[in-house]
Amino acid sequence: MASLLAFSLPKPNSIKASSLTTIQSPYQVLEEKFGRKGIKFRESVDGITAVELTVRNGSSLSLRISDGVVTSYKPKVYWKDEGFEEILYTIPDGGSVKGGVGLILNDVSTMDSQCCVSDWVVKDVDSDSIDALQVELQCTNGDGTLEIKYVVSLYALSMATSVIVKNNGPQTVKLTSAILSHLKFKTRRGSAIQGLKGCSYCTHPPLSSSFGIMSPTQALEAEPPGWFSFLGSGSNDKGNSNEESWSVEDNIYTMMKHKMSRVYTAPPMERLKRIYSTPPSKYETIDQGSGLGFRVMRMGYDDIYLCSPGSLSQNYGKDYFICTGPASMLVPVVLNPGEGWRGAQVIQHDNL
């Protein structure tokens with residue numbers, strides 16, 4: 001896999017579609033300025049400008065510009081000509097969609113937690129032939145003190161999303177963040193995660209977002225009891241993220257059939273020690289229904305968020321899904337004036 005953020009990006013002036021006064025549509029202006037082989041701007045069915053990336057082997061993704069949500073990722077996973085599979089889960093939400101892959105970034109420096117992400121603008125694109133493609137978005141927070149870049153990259157066997165934040169203000173800021181992916185599964189019964197054995201975890205809601213399918217409240221709702229819950233086979237998570245609620249994953253496979261909402265990470269008190277165990281840098285999804293597996297890798301983030309809807313999945317469509325990704329939820333990232341921070345997620349496969 002090509003290295004993340006390996007391209008040397010030029011620095012043209014940013015272009016914001018909403019500020020254009022010509023008779024051209026926003027996507028047409030972006031297509032003229034940034035379009036190239038494998039990178040095509042268009043208007044989606046809900047009227048939002050999006051960009052489609054397609055590499056040489058046919059793997060593709062679709063990214064909405066305004067909110068930076070990846071609504072589709074179709075990698076080539078079979079050798080046959082039509083061997084592409086949509087792995088992201090989305091549901092209609094009015095004139096838009098929820099789900100996919102998106103960034104959450106909140107300033108929790110004061111009692112009033114504020115979302116740092118506003119409308120994104122296209123800053124640049126780049127490509128390495130047509131085997132690696134990249135789109136860079138940019139925005140600032142409300143008072144302009146935080147400069148935020150969001151880079152989406154597509155390769156033949158993987159996709160990557162990364163965030164780069166710089167504090168240009170005079171005050172120290174504390175940030176909570178996550179890059180959450182809603183991954184589609186063929187069956188509820190055959191869904192699992194491998195690679196978290198020995199990792200500490202606690203029950204915790206996801207960070208609130210505009211693209212999340214399950215809200216923090218819904219993620220912690222109790223699952224209706226089933227026939228086998230009386231025998232103790234249910235794994236519904238309960239409790240809060242305090243020191244008493246911490247457990248250690250003792251299974252090779254974390255089954256995602258039942259409802260859960262967890263953060264896998266080192267407990268905050270453990271991090272005060274000189275030496276402590278951190279969560280793995282990567283783990284793998286297992287979907288027995290499709291026979292496909294994907295490797296999820298984190299960079300820069302301290303936590304792993306993992307959620308499954310259980311029997312409540314029927315409220316969100318006919319297919320099953322999980323929500324997962326790297327996060328910094330329990331201990332915020334501290335940025336002093338002039339400092340920067342970056343975090344990233346890579347979804348990779350070797351099904352071919």
Side-chain angles (χ1 to χ4, degrees), residues 1-4 6 38 52-63 69-90 99-102 127-135 151-162 179-197 213 251-257 264 279-299 304-309 313 317-326 344-352:
M1 182 185 72
S3 59
L4 185 64
E52 291 184 346
L53 307 183
T54 306
V55 291
R56 193 198 314 250
N57 76 343
S59 297
S60 65
L61 67 77
S62 181
L63 168 69
V69 173
V70 180
T71 57
S72 175
Y73 173 41
K74 294 182 179 179
K76 186 166 187 179
V77 293
Y78 305 111
W79 282 113
K80 56 185 180 181
D81 292 341
E82 67 277 14
F84 302 95
E85 190 81 14
E86 176 61 71
I87 72 164
L88 300 186
Y89 192 80
T90 59
V101 180
S127 62
D128 175 11
S129 180
I130 52 174
D131 291 316
L133 304 172
Q134 189 173 76
V135 174
V151 182
V152 178
S153 307
L154 177 66
Y155 309 98
L157 300 179
S158 65
M159 67 161 286
T161 47
S162 62
I179 299 177
L180 297 184
S181 302
H182 298 79
L183 304 178
K184 180 186 293 187
F185 282 73
K186 290 287 187 182
T187 62
R188 174 186 169 194
R189 182 178 296 274
S191 59
I193 296 292
Q194 182 180 8
L196 298 178
K197 183 178 181 180
I213 293 178
N251 298 305
I252 297 177
Y253 302 105
T254 305
M255 306 307 295
M256 306 300 293
K257 175 183 176 181
Y264 284 81
S281 60
K282 60 184 178 182
Y283 53 98
E284 296 185 11
T285 67
I286 298 174
D287 182 1
Q288 292 183 355
S290 67
L292 299 176
F294 291 86
R295 198 172 299 111
V296 182
M297 294 177 278
R298 67 177 177 90
M299 304 174 188
I304 295 171
Y305 178 72
L306 187 60
C307 174
S308 59
S313 63
K318 64 178 182 178
D319 295 317
Y320 199 65
F321 71 93
I322 69 168
C323 177
T324 188
Q345 171 186 260
V346 179
I347 300 176
Q348 183 186 48
H349 78 95
D350 51 12
N351 295 285
L352 289 173

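Position 1 is the first residue of the sequence, and the numbers go up from there.
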Kindly write out the residues that satisfy side-chain hydrogen bond (donor to acceptor under 3.5 Å, both in side chains) with [X], not counting sequence neighbours, or none if the list is empty.
X	answer
R298	none
T71	none
N351	H349
S62	R42

_For Y305, is there any backbone N or O sitting under 3.5 Å from a side-chain donor or acceptor partner on T324?_
yes
For a 4.5 angstrom cut-off between non-hydrogen side-chain atoms, does [X] reach [Y]?
X	Y	answer
T161	V151	no
D350	L157	no
V101	Q345	yes
I87	P75	yes
I322	I193	yes
S72	L88	no
V70	S181	no

*Go through the structure and list residues passing salt bridge (charged side-chain N to carboxylate O under 4.0 Å, His left out) with E86, not counting sequence neighbours.*
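Not a single residue meets the salt bridge (charged side-chain N to carboxylate O under 4.0 Å, His left out) criterion with E86.
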*Quick one: list whatever passes salt bridge (charged side-chain N to carboxylate O under 4.0 Å, His left out) with K74, sequence neighbours left out.*
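In terms of salt bridge (charged side-chain N to carboxylate O under 4.0 Å, His left out), with neighbours along the sequence ignored, K74 is linked to no residue.
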If I take atom [atom1] from residue [X] and atom [atom2] from residue [Y], how far apart are they, to the nearest 0.5 angstrom?
X	Y	atom1	atom2	value
K184	T90	NZ	OG1	7.0 Å
L154	L133	CG	CG	6.0 Å
S191	Y253	OG	OH	14.0 Å
S162	M299	OG	CE	9.0 Å
M256	L306	CE	CG	3.5 Å

Restricting to non-hydrogen atoms, name the atom on [X] and the atom on [Y] that form the minimum distance, rounded to 0.1 Å.
X	Y	result
A132	V55	N-CG1, 4.2 Å
P326	A344	CG-O, 3.8 Å
P280	L196	CG-CD2, 3.8 Å
C323	H182	SG-NE2, 3.8 Å
S59	A156	OG-O, 3.2 Å
L61	S153	CD2-O, 4.3 Å

_Among residues at least two apart in sequence or on other chains, which ones pass ring pair (Phe, Tyr, Trp, His ring centres under 6.0 Å) with Y283?_
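Scan of Y283 (ring pair (Phe, Tyr, Trp, His ring centres under 6.0 Å), adjacent residues dropped) gives none.
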*Who are the ring pair (Phe, Tyr, Trp, His ring centres under 6.0 Å) partners of Y264, not counting sequence neighbours?*
Y201
Just jot down the side-chain contact (heavy atoms from CB on, under 4.5 Å) partners of [X], sequence neighbours excluded, or say none.
X	result
E85	V77, Y78, K186, L292
R56	S129, I130, D131
K282	R295, M297
S313	P309, Y320

_For F84, I'd like to know if atom CZ has over 12 heavy atoms of other residues, nucleotides or ligands within 6.0 Å._
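Above 12, so yes.
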*asked:* For L183 and I347: C-alpha separation, side-chain torsions, deciding distance, then whether side-chain contact (heavy atoms from CB on, under 4.5 Å) applies.
replied: CA-CA 10 Å; L183 304 178; I347 300 176; 4.3 Å; yes
*For the pair D287 and F294, evaluate side-chain contact (heavy atoms from CB on, under 4.5 Å) and give the outcome as yes or no after the intermediate values.*
CA-CA 9 Å; D287 182 1; F294 291 86; over 6 Å; no
